[in-house]
Amino acid sequence: AVLTLPATLHTLTPTLSRDTLLPILAPLLACILPTLTDMPHVTRGALLAAPAVLLLALGEGVLSPLFDRQANPAFFSVAETQPAAWIDYWMNLHVSLLLIPAGLRLCLLAQTPVAPTRRHSEVDVPGCGASAQGGALVMLYFFVSAYLAASQVRFMVHVAAPASILTAMAISESLRVQQQHITFQAPAKAAGGTGGKPSGKGKGKASGTDRREVAMVVVAFLSLVVVAYLNHAAWFAREVLPAQARHFGGGADEMGDALRWLRENTPQDAAVLAWTDHGYRITHHGQRATLVDSSLYNLSAVAAVASVLVGTEEAAAGAMGALGADFVLVTFGGVAGAKHDDLSKVAWMAKIAATGSSPQPIEALTDAAGVIRVDARAPAAMRASLIYRLSYHRFATDEASLASAKGLLYKGSDLARSVDVPALETPLRHFEEVYTSDKWLVRIYKLIKSRT
């Protein structure tokens with residue numbers, strides 16, 4: 001509930017208020033109240049006040065569940081600001097998700113003083129390995145970081161530290177308990193214990209043997225869990241992270257090759273118009289100026305770029321001349337099957353452009369059902385937009401190039417959107433294609449200023 005509630009609330013934002021949140025939070029508080037009765041007053045108060053403090057301190061900010069994501073489309077158009085999905089937790093935490101509840105239980109037990117029994121010394125009481133203050137700190141750290149990750153996926157990195165601590169506590173406590181059973185020795189037979197009754201020696205020995213076998217199975221299972229986690233971490237670092245760094249994954253670093261070409265084949269004072277996702281890489285790796293980047297400090301500039309991309313080619317050429325841009329860089333996944341290309345962000349671009357001086361209504365880019373289409377049934381405004389024309393330039397006509405890139409059976413098949421795209425009605429007039437990567441993931445066009 002803690003992990004999914006914020007992300008769920010984000011989808012219900014328009015109908016929520018602080019008053020309607022109380023019936024949702026009340027059952028959650030009722031579930032944890034019984035575990036807080038024996039805790040120190042400071043710890044109990046801190047845990048109970050944490051949700052209220054978050055809501056009041058964050059207010060209507062971007063981390064608040066009450067924040068309307070439509071109010072700032074420029075900010076939430078970036079992929080890293082989207083709410084985390086369950087697959088994100090599993091890919092980043094893996095089996096730690098199964099052990100985190102056990103670590104939280106140990107932290108809760110550390111808050112409750114437990115008197116040692118005759119069978120256990122004080123050091124054997126579960127949870128005694130963590131102090132009350134330390135357990136409260138770890139719990140607060142985990143819940144706050146989990147809330148932040150549920151709000152925006154880029155905060156997932158902050159969950160790593162408390163998740164590692166809680167997982168280590170769970171494994172350490174489990175191994176400590178199982179070690180006691182593995183080294184268990186059956187009690188010696190009491191002196192003078194006759195009288196015809198069974199001494200219980202055989203029963204105690206069998207019980208000790210069973211406990212040892214169970215403990216050894218548990219230790220072996222925990223070892224397999226640790227090995228599986230290490231293998232997953234190694235695979236994640238070897239395959240997933242480099243794929244994300246390559247922007248699309250699979251094959252060569254096509255974005256890096258494109259930026260290298262940009263650095264070596266364009267004037268040093270050239271300016272590149274691209275969507276916000278690529279601004280930092282163009283600046284640092286391509287060493288060329290760009291109009292916007294992911295910082296989103298200048299929202300008017302972001303709206304201007306969005307207007308250029310969703311506007312017509314003629315209007316875009318004039319706007320680029322006024323903005324001082326010489327090249328346009330777009331990402332296109334129709335050949336390689338990469339779904340998160342620039343064309344997939346047209347809806348966000350239209351919403352952001354609507355906040356600028358030359359808005360393009362999103363209704364003009366959708367069909368009667370409100371769906372953005374790129375096939376033969378796409379609206380005229382969509383087919384005339386710059387992002388559409390730059391993405392599908394030569395896509396339905398250059399069969400040889402497409403065949404060498406992906407081995408397509410027929411030209412014009414967009415693998416990212418699983419549709420057939422017709423050829424452009426008219427060729428590009430104001431832009432010249434100067435670079436296309438091997439799998440068409442990155443395409444760069446030069447503005448023909450003599451026609452602007």
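Residue numbers start at 1 and run along the sequence shown. We use all heavy atoms of the structure for the numbers below, so side chains are in, but hydrogens, waters and symmetry mates are not.
Side chain of D326 to main chain of A271: a donor-acceptor pair is present (N/O by atom type, distance under 3.5 Å, no hydrogens or angles).
With respect to C107, the side-chain contact (heavy atoms from CB on, under 4.5 Å) criterion is satisfied by exactly one of L137, L140, V138: V138.
Salt bridge annotation for E433-R443: present, with a cationic side-chain nitrogen under 4.0 angstrom from a carboxylate oxygen.
L175 places a side-chain heavy atom less than 4.5 Å from the side chain of V219. Residues K345 and D277 have side chains in contact (heavy-atom distance under 4.5 Å, counting atoms from C-beta outward). Using a 4.5 Å heavy-atom cutoff, the side chains of F221 and V225 are in contact. Two residues are said to be in side-chain contact when any heavy atoms from C-beta on lie closer than 4.5 Å; V305 and L273 meet this criterion. Side-chain contact between T426 and E313 is absent, with no heavy-atom pair separated by less than 4.5 Å. Two residues are said to be in side-chain contact when any heavy atoms from C-beta on lie closer than 4.5 Å; V346 and M382 meet this criterion. Under the 4.5 Å side-chain criterion, counting only non-hydrogen atoms from C-beta, H284 is not in contact with D293. Between I387 and W275, the closest side-chain pair of non-hydrogen atoms is not below 4.5 Å.
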List the steps, then state whether side-chain contact (heavy atoms from CB on, under 4.5 Å) holds for H285 with Y280.
-> CA-CA 8 Å; H285 298 288; Y280 284 137; over 6 Å; no
Can you list the steps and then say if Y388 with V421 is a side-chain contact (heavy atoms from CB on, under 4.5 Å)?
-> CA-CA 11 Å; Y388 183 95; V421 179; 3.6 Å; yes
List the steps, then state whether side-chain contact (heavy atoms from CB on, under 4.5 Å) holds for L428 with R389.
-> CA-CA 8 Å; L428 294 176; R389 292 176 62 80; 3.9 Å; yes
Report the C-alpha separation of K439 and E254 in whole Å, then their side-chain angles, then the decisive distance to 0.1 Å, and conclude whether the salt bridge (charged side-chain N to carboxylate O under 4.0 Å, His left out) test is met.
-> CA-CA 8 Å; K439 295 186 178 180; E254 297 209 357; 5.7 Å; no
Pair M255-T331, side-chain contact (heavy atoms from CB on, under 4.5 Å): steps then yes or no | CA-CA 9 Å; M255 176 62 78; T331 56; 3.8 Å; yes
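One distance of note links CD1 of I282 with CG of L329; it measures 4.5 Å at 0.5 Å rounding. In this structure, R281 CZ and L259 CG are separated by 6.0 Å, a value rounded to the nearest 0.5 Å. Between the NE2 atom of H393 and the CD atom of E432 there is a distance of 9.0 Å, given to the nearest 0.5 Å. For the atom pair CG (L109) and CG (L104), the distance works out to 11.0 Å, reported to the nearest 0.5 Å. Taken from CG in L166 to CZ in F142, the straight-line distance is 6.5 Å, to the nearest 0.5 Å.
Centroid-to-centroid, the aromatic rings of Y392 and F332 come within less than 6.0 Å.
The aromatic rings of H232 and H94 lie parallel to each other, their planes meeting at an angle below 30°, with 60° marking the opposite boundary.
For Q268, the CD atom counts as loosely surrounded, since its 6.0 Å shell holds 12 or fewer non-hydrogen atoms of other residues, nucleotides or ligands. With a 6.0 Å radius and a threshold of 12 heavy atoms from other residues, nucleotides or ligands, R263 has its CZ atom above the threshold.
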